[in-house]
Amino acid sequence: MPGRGRCPDCGSTELVEDSHYSQSQLVCSDCGCVVTEGVLTTTFSDEGNLRGLRRVRDLCRVLQLPPTFEDTAVAYYQQAYRHSGIRAARLQKKEVLVGCCVLITCRQHNWPLTMGAICTLLYADLDVFSSIYMQIVKLLGLDVPSLCLAELVKTYCSSFKLFQASPSVPAKYVEDKEKMLSRTLQLVELANETWLVTGRHPLPVITAATFLAWQSLQPADRLSCSLARFCKLANVDLPYPASSRLQELLAVLLRMAEQLAWLRVLRLDRRSVVKHIGDLLQHRHSLVRLAFRDGTAEVETRGKEPPAWGQGQREGEVGNNSLGLPQGKRPASPALLLPPCMLKPPKRICPAPPVSTVTGDENISDSEIEQYLRTPQEVRDFQRAQAARQAATSVPNPP
Amino acid sequence: MASAPRPERVPRLLAGCLPPYPPPPPTVGLLSMEQEETYLELYLDQCAAQDDLAPPRSPLFNPVAPYGMYILNASNLDTALNSNPEVKEASGDFSSVDLSFLPDEVTQENKDQPVISSRHETEENSESQSPQSRLPSLSEQDIGLGLNSSSLSNSHSQLHPGDTDSVQPSPEKPNSDSLSLASITPMTPMTPVSECCGIVPQLQNIVSTVNLACKLDLKKIALHAKNAEYNPKRFAAVIMRIREPRTTALIFSSGKMVCTGAKSEEQSRLAARKYARVVQKLGFPARFLDFKIQNMVGSCDVRFPIRLEGLVLTHQQFSSYEPELFPGLIYRMVKPRIVLLIFVSGKVVLTGAKERSEIYEAFENIYPILKGFKKA
């Protein structure tokens with residue numbers, strides 16, 4: 001390297017900086033003579049930092065992220081490492097920190113990486129990951145955008161092994177990728193609009209939507225396949241909440257079907273509605289508007305009245321239906337568009353707490369305190385019982 | 001500080017609007033302990049007589065604080081006029097005033113020096129804290145009155161990240177508006193529900209600490225008390241429970257105690273006193289020093305669903321919404337410093353408060369923001 005001096009042995013200027021066991025050395029590339037030896041500059045914390053940075057790069061490569069992501073993630077890791085709390089953290093925490101930096105980078109570029117995926121790759125607990133993630137976002141003061149649902153649908157759906165026939169996937173189950181993707185996307189949008197996504201983990205919703213999309217594209221052959229079997233042959237893990245998401249989505253579709261005259265007469269149920277998902281999705285915007293009324297105003301007024309009134313109102317609506325046309329010939333009255341947690345009746349009615357007149361300075365009677373104390377006899381009994389238990393537990397093992 | 005100015009020196013515009021509280025006693029240092037005590041009781045008696053407007057909040061009307069600090073300040077007067085959340089509970093009594101600085105032992109025979117000095121300490125502590133605790137609440141009271149448009153006031157409240165000093169002097173225009181409006185506002189007691197259509201957060205849990213000021217033998221306590229559990233291998237404290245008020249206490253060998261589970265500040269104090277009594281009856285010279293509320297948790301229901309994804313977009317700097325981790329949105333409000341958990345069902349949990357008013361304030365701040373997300 002020019003400007004660095006000459007080798008004392010052969011006089012060449014080709015000196016190269018080379019590290020030998022983290023000790024920097026200046027070596028002549030012609031004759032191999034070691035010109036200078038640096039001091040051992042890397043401290044324990046530096047080595048930890050280097051280790052972490054290497055792991056960040058490795059993780060980015062494993063996930064096949066674009067190269068720009070790597071630099072951003074490395075920068076975040078270094079930024080985090082400057083804080084003393086992170087430098088002094090346990091190794092496990094530092095390893096999880098690697099995943100957090102990569103996740104933040106992906107989120108900022110709308111790359112759909114889930115926390116579950118990173119935890120699987122790092123063999124880390126989601127609870128540990130969650131605490132460090134929240135800590136680091138707060139520490140670095142970062143603005144992390146939400147997970148991009150559309151991108152996640154595309155990535156997740158593409159991972160289903162249904163696009164080519166194989167020994168486990170019969171021909172009638174094979175589906176065109178683009179058709180499935182577009183239909184799944186529409187179903188996920190529908191779920192989002194009808195309050196099925198807010199507050200829930202996004203992945204099970206997408207699993208349910210993918211299943212419905214797949215079924216509806218060839219219902220005759222596929223209605224017999226269950227959700228669990230579908231995930232198994234697609235080689236994808238079935239998330240536990242997916243079945244309840246599926247039921248919620250089917251309920252929404254059934255309500256929409258009630259608004260179409262030619263579907264109303266068919267008296268669809270949760271299985272038969274699948275055959276008509278295509279039609280329902282085609283008109284989903286207007287059907288949602290017809291099938292549901294805004295739940296927000298309703299809940300407020302309903303909340304103020306006693307519950308009996310709500311019942312009466314519903315009965316009145318039924319009465320209206322039977323006024324002119326027989327039931328089934330008229331669209332069902334709009335249901336409330338609310339998150340499922342608000343539609344279920346409350347488990348128990350919380351009574352308003354009685355107004356407390358405690359001042360904090362009341363007299364405390366002796367008898368009240370004495371009820372919490374053991375009498376001398378009880379103390380003796382308790383001590384005897386404790387001693388007996390000690391003796392029992394410390395019995396030596398038989399030889 | 002100079003002699004306390006009389007209420008008549010208040011600008012004419014606001015005469016009659018200011019509650020005619022008597023001038024507080026002169027600052028500490030000029031009087032002896034006994035005199036100060038007498039003044040204190042006199043002052044409190046007089047305040048109780050005029051308490052139909054609003055019960056005094058001890059940090060605000062702390063008799064030890066210089067009177068000049070809070071009489072000539074315009075926004076201060078708004079506070080006096082404004083809704084005080086405690087009015088709703090009991091007008092005319094001091095149930096919501098923090099009387100913890102009055103020692104438990106005033107009623108007992110042994111009124112020794114350390115007791116008085118600790119009260120002095122707590123008063124001085126609250127005095128030093130009061131300017132800071134006062135300033136944030138003032139501008140919040142402006143907002144609470146609804147004198148400014150809610151969006152303007154919200155942007156105000158959020159644009160002052162933790163810098164309490166900048167809050168008071170900077171918003172001149174809102175102050176002048178509030179000043180003129182204050183003169184025509186009738187002096188009726190305002191309920192704490194000014195904008196929130198009747199929804200009041202309910203307190204669910206109070207955590208408080210107290211110092212019993214004597215070393216304790218935890219084994220002896222666990223042996224002689226029926227309601228105690230002690231497992232030194234698991235946790236180095238006795239866990240004691242009483243039935244009324246239904247609370248749990250952690251009693252440490254150093255004599256410090258944590259009391260949790262009460263539903264109001266007074267209940268927490270009563271419970272802590274009962275635990276101290278139990279420890280006393282077990283033969284320890286337990287006292288009741290430095291009772292302090294450390295945390296208050298409240299909850300309420302706005303009764304409409306909330307689009308959490310939208311809320312995290314518009315209030316990104318305060319919100320954290322990770323549905324993969326937790327179904328609720330974590331909103332860290334800066335003024336007052338409260339953490340709110342907001343759920344899609346419209347249920348809101350408020351925590352991190354040291355005082356009841358902070359919970360009410362935080363809810364009054366968040367309600368207009370949530371209303372903005374009512375329409376899907």
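Note that the coordinates shown come from a computational prediction; the quantities given were computed from them, not determined experimentally. For the numbers below, each heavy atom of this structure counts, side chains included, while hydrogens, waters and symmetry mates do not. Just so it is clear: chains get the letters A, B, ... in the order the sequence lines come, proteins before strands, and each one is counted from 1.
- Sorted by first then second residue, the ring pair (Phe, Tyr, Trp, His ring centres under 6.0 Å) pairs that include residues 108-134 of chain A, not counting sequence neighbours, are A:F69-A:H109, A:F69-A:W111.
- Side-chain contact of A:R380 with A:Q377: a donor-acceptor pair under 3.5 Å is present, judged by distance alone.
- Contact detail for A:P202 and A:L149: the closest heavy-atom pair is CB-CD1, 3.7 Å.
- For a residue to count as touching a neighbouring chain, one of its non-hydrogen atoms must lie under 4.5 Å from one of that chain's; by this rule B:I330 touches chain A with the side chain only.
- Of the atoms belonging to B:L223, heavy atoms from both backbone and side chain fall under 4.5 Å from chain A.
- In this structure, chain B has no heavy atom under 4.5 Å from any part of A:D127.
- For chain B, the option among A:V379, A:T357, A:L203 with the highest count of heavy-atom pairs below 4.5 Å is A:V379.
- In this structure, A:R284 pairs ionically with A:E189, as a charged nitrogen and a carboxylate oxygen lie closer than 4.0 Å.
- Heavy-atom pairs under 4.5 Å with chain A were tallied for B:K263, B:K347, B:E244, B:R243; the largest tally goes to B:R243.
- The structure places CG of A:L97 at 11.5 Å from CG of A:L103, a figure rounded to the nearest 0.5 Å.
- Proximity to chain B involves both the backbone and the side chain of A:S130, based on heavy atoms less than 4.5 angstrom apart.
- A salt bridge does not link A:E362 to B:R269: none of the charged side-chain nitrogens sits closer than 4.0 Å to a carboxylate oxygen.
- Cation-pi geometry between B:K281 and A:Y372 is not met: the NZ or CZ atom fails to fall both under 6.0 Å from the ring centre and inside 45° of the normal.
- Heavy atoms closer than 4.5 Å to chain A are found in the backbone of B:A222, but not in its side chain.
- For the residue pair A:T359 and B:E266, no side-chain donor N or O sits within less than 3.5 Å of a side-chain acceptor on the partner.
- Heavy-atom distances place the side chain of B:S320, and not its backbone, under 4.5 Å from chain A.
- Residue B:I242 touches chain A through both its backbone and its side chain, counting heavy-atom pairs closer than 4.5 Å.
- Heavy-atom pairs under 4.5 Å with chain B were tallied for A:E378, A:Q386, A:R107, A:M134; the largest tally goes to A:R107.
- The choice from A:L126, A:D366, A:V137 that makes the most heavy-atom pairs within less than 4.5 Å of chain B is A:D366.
- A parallel orientation is assigned to the rings of B:F291 and B:F288, their planes being inclined by less than 30° (bins at 30° and 60°).
- Using a 4.5 Å cut-off between heavy atoms, B:V278 touches chain A through backbone and side chain atoms alike.
- Taking the six-membered ring where the residue is Trp, B:F326 and B:F343 present perpendicular rings, their angle passing 60° and hence far from 30°.
- Put simply, of A:P376, A:P145, A:G199, the one with the most heavy-atom pairs under 4.5 Å next to chain B is A:G199.
- Using a 4.5 Å cut-off between heavy atoms, B:R241 contacts chain A through its backbone alone, with no side-chain atom that close.
- There is no contact between A:T375 and chain B, counting heavy-atom distances below 4.5 Å.
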